[in-house]
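The structure under discussion appears below in the form of structure tokens.
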Amino acid sequence: METEKMTSTPIGKVKDSMLKLFRGSNDILGVFLILFGLCVVMTFASDNFLTVDNLSSVARAFSFVAIMAIGMTIVIITGGIDMSVGSIFAFAGVITAYSYSNLQLALPLCILLGVIGGAIFGFINGLLINECNLPPFIATLGTMSVARGLSYAITSGFPISMPSSFNQLGQGMIFNIPYPIILMIVLAIIFTFVLNKMIFGRHVYAVGGSEEASAISGIKVKRVKLAVYSISGFLSAIAGIIMTARLGVAQSTAGLGYELDVIAAVIIGGASFSGGKGTIVGAILGAAIMGVLRNGLVLLNVSAYWQQTVIGLVIIIAVTIDQLRYKKKA
């Protein structure tokens with residue numbers, strides 16, 4: 001009776017709603033607490049961490065990984081993986097810059113070509129997995145090399161500069177909030193709605209749970225896979241184009257190693273390699289944890305070599321925890 005009375009109050013209803021949200025979002029509360037704890041530690045470790053400029057810089061930096069993590073989350077929910085996101089990231093920026101600098105096309109058309117280029121690579125990933133029966137890791141590893149090689153070939157290894165009007169996409173702000181952060185939030189809201197409220201989202205989770213059962217129930221498994229890899233390529237391209245605008249130049253080396261950060265962010269955020277599990281909010285929080293960790297290591301003057309070691313350990317720990325959760329569930 002007392003519990004019912006508590007729940008009937010406005011505060012009780014809000015508390016109950018929050019608990020339901022976190023329970024239904026695959027331990028998002030736990031991921032948030034990890035992020036909060038990490039921020040507290042960094043606040044005591046460095047006086048420069050808890051400043052507006054630094055926090056804005058951290059959020060802007062991890063927003064690119066977070067945008068790619070949105071696409072990677074959808075892929076991993078289906079039980080797949082996309083190793084090509086970092087190379088598509090670079091390829092989209094190179095195509096955009098090359099179209100403007102060498103082909104003299106209008107900027108909106110250049111951006112469109114970059115986005116389409118990324119989506120096409122994602123579509124090719126889906127085709128290789130569906131029609132050639134290649135394991136996702138092998139298929140995307142191949143396209144990773146192709147996309148990176150094309151970026152090198154197009155630029156000959158030299159950066160391509162972009163005009164200031166284009167660079168505003170990555171450097172501009174609205175109410176002191178950088179455009180990349182706003183874009184990350186908008187995309188997170190859109191794809192959270194897609195996964196939670198649309199039929200396609202239910203099909204994505206179903207395919208990750210069991211492809212055989214999904215096919216028997218009438219779900220077009222191949223179409224779902226084709227769509228999720230295309231979305232991953234599309235979002236990687238958007239992130240790459242925004243990063244190009246942020247730097248003011250397109251580089252064939254952009255995004256090197258980003259696939260590891262993206263995968264780590266998704267797994268830390270609660271997704272599972274076994275499929276059928278994951279949320280967009282969790283992936284964003286996972287990307288934030290990676291961003292805060294990298295920033296903290298820089299503020300503490302940790303050597304770049306040791307930074308890479310720490311990030312590698314975080315990835316190993318995240319995947320190990322994922323496997324332990326899967327075994328416990330099994």
Side-chain angles (χ1 to χ4, degrees), residues 26 67-89 91-92 112-148 150 187-188 190-240 259 262-263 266-267 269-280 282-283 322 326 329-330:
N26 294 317
I67 290 171
M68 290 190 285
I70 293 172
M72 184 69 79
T73 298
I74 301 173
V75 169
I76 288 180
I77 289 173
T78 63
I81 194 168
D82 189 351
M83 297 299 296
S84 64
V85 291
S87 296
I88 293 175
F89 178 92
F91 177 77
L112 180 62
L113 288 175
V115 172
I116 291 174
I120 288 175
F121 263 108
F123 187 82
I124 291 171
N125 283 333
L127 283 179
L128 291 173
I129 293 165
N130 284 337
E131 307 305 328
C132 301
N133 293 319
L134 293 180
F137 180 83
I138 299 300
T140 58
L141 194 65
T143 51
M144 176 182 78
S145 181
V146 172
R148 184 68 65 183
L150 287 174
L187 289 172
I190 291 172
F191 282 97
T192 296
F193 177 81
V194 169
L195 283 182
N196 295 337
K197 300 297 182 181
M198 296 183 67
I199 294 176
F200 172 74
R202 291 197 289 272
H203 288 179
V204 168
Y205 281 104
V207 169
S210 173
E211 288 189 20
E212 293 78 7
S214 298
I216 292 172
S217 65
I219 295 175
K220 305 293 184 183
V221 175
K222 287 188 175 181
R223 288 186 184 178
V224 172
K225 286 186 175 183
L226 205 59
V228 298
Y229 283 98
S230 298
I231 290 171
S232 180
F234 167 77
L235 291 175
S236 297
I238 289 179
E259 55 277 349
V262 173
I263 293 170
V266 175
I267 299 302
S272 174
F273 280 127
S274 59
K277 182 181 179 183
T279 62
I280 302 301
D322 170 56
Y326 176 72
K329 181 180 178 182

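For this chain, numbers begin at 1 and follow the sequence in order.
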Can you list, pair by pair, the side-chain donor-acceptor contacts under 3.5 Å of residues 72-80, counting residues two or more places apart and other chains?
residue: Thr73; atom: OG1; partner: Ala69; partner atom: O; Å: 2.6
residue: Thr78; atom: OG1; partner: Val75; partner atom: O; Å: 2.5

- What pairs meet the side chain to side chain donor-acceptor pair (under 3.5 Å) rule with one or both residues in residues 222-237, with sequence neighbours excluded? Asp82-Ser232, Glu211-Lys225
- Task: With rounding to the nearest 0.5 Å, note down the distance linking CZ in Phe91 to CE in Met144.
- Result: 15.5 Å
- Item | Considering all heavy atoms, the nearest Thr279-Gly269 contact | OG1-O, 4.4 Å
- Item | Pairwise side-chain contact, Leu150 with Phe121, heavy-atom cut-off 4.5 Å (strictly under) | yes
- Message: Listing request: all side chain to side chain donor-acceptor pair (under 3.5 Å) pairs with a residue in residues 118-147, at least two apart in sequence or in separate chains.
- Response: Ser84-Asn125, Asn125-Thr143
- Heavy atoms only: give me the nearest Tyr205-Leu195 pair and the separation to one decimal. CE1-O, 3.9 Å
- Message: Around atom CZ of Phe273, are there more than 12 heavy atoms from other residues, nucleotides or ligands closer than 6.0 Å?
- Response: yes
- Taking atom CZ of Phe234 and atom CZ of Phe123, what is their separation to the nearest 0.5 Å? 15.5 Å
- Query: Between Ile263 and Met83, is any pair of side-chain heavy atoms under 4.5 Å apart?
  - Reply: yes
- Could you pull out the closest heavy-atom pair between Gly71 and Leu235, with the gap in Å? N-CD1, 3.4 Å
- Here the pair of heavy atoms bringing Gly114 nearest to Ala92 is O-CB, 3.6 Å
- Query: Where do Ser210 and Ser214 come nearest, in terms of heavy atoms and distance?
  - Reply: O-OG, 2.7 Å
- Note on the structure: Residues at least two apart in sequence or cross-chain that pass side chain to side chain contact (heavy atoms under 4.5 Å, CB included) with Ile116, listed by chain then number, are Leu112, Ile120
- Which residue pairs pass the salt bridge (charged side-chain N to carboxylate O under 4.0 Å, His left out) test with at least one member in residues 230-240, sequence neighbours excluded? none
- Distance in Å, Ile124 CD1 paired with Leu226 CG, rounded so as to fall on 0.5 Å steps: 10.5 Å
- Message: Show every side chain to side chain donor-acceptor pair (under 3.5 Å) that has at least one partner inside residues 192-202, sequence neighbours left out.
- Response: none
- Item | Gap between atom CZ of Phe89 and atom CD1 of Ile238 - 0.5 Å precision | 12.0 Å
- Item | Which atom of Ile88 lies closest to which atom of Ala147, heavy atoms considered | N-CB, 4.3 Å
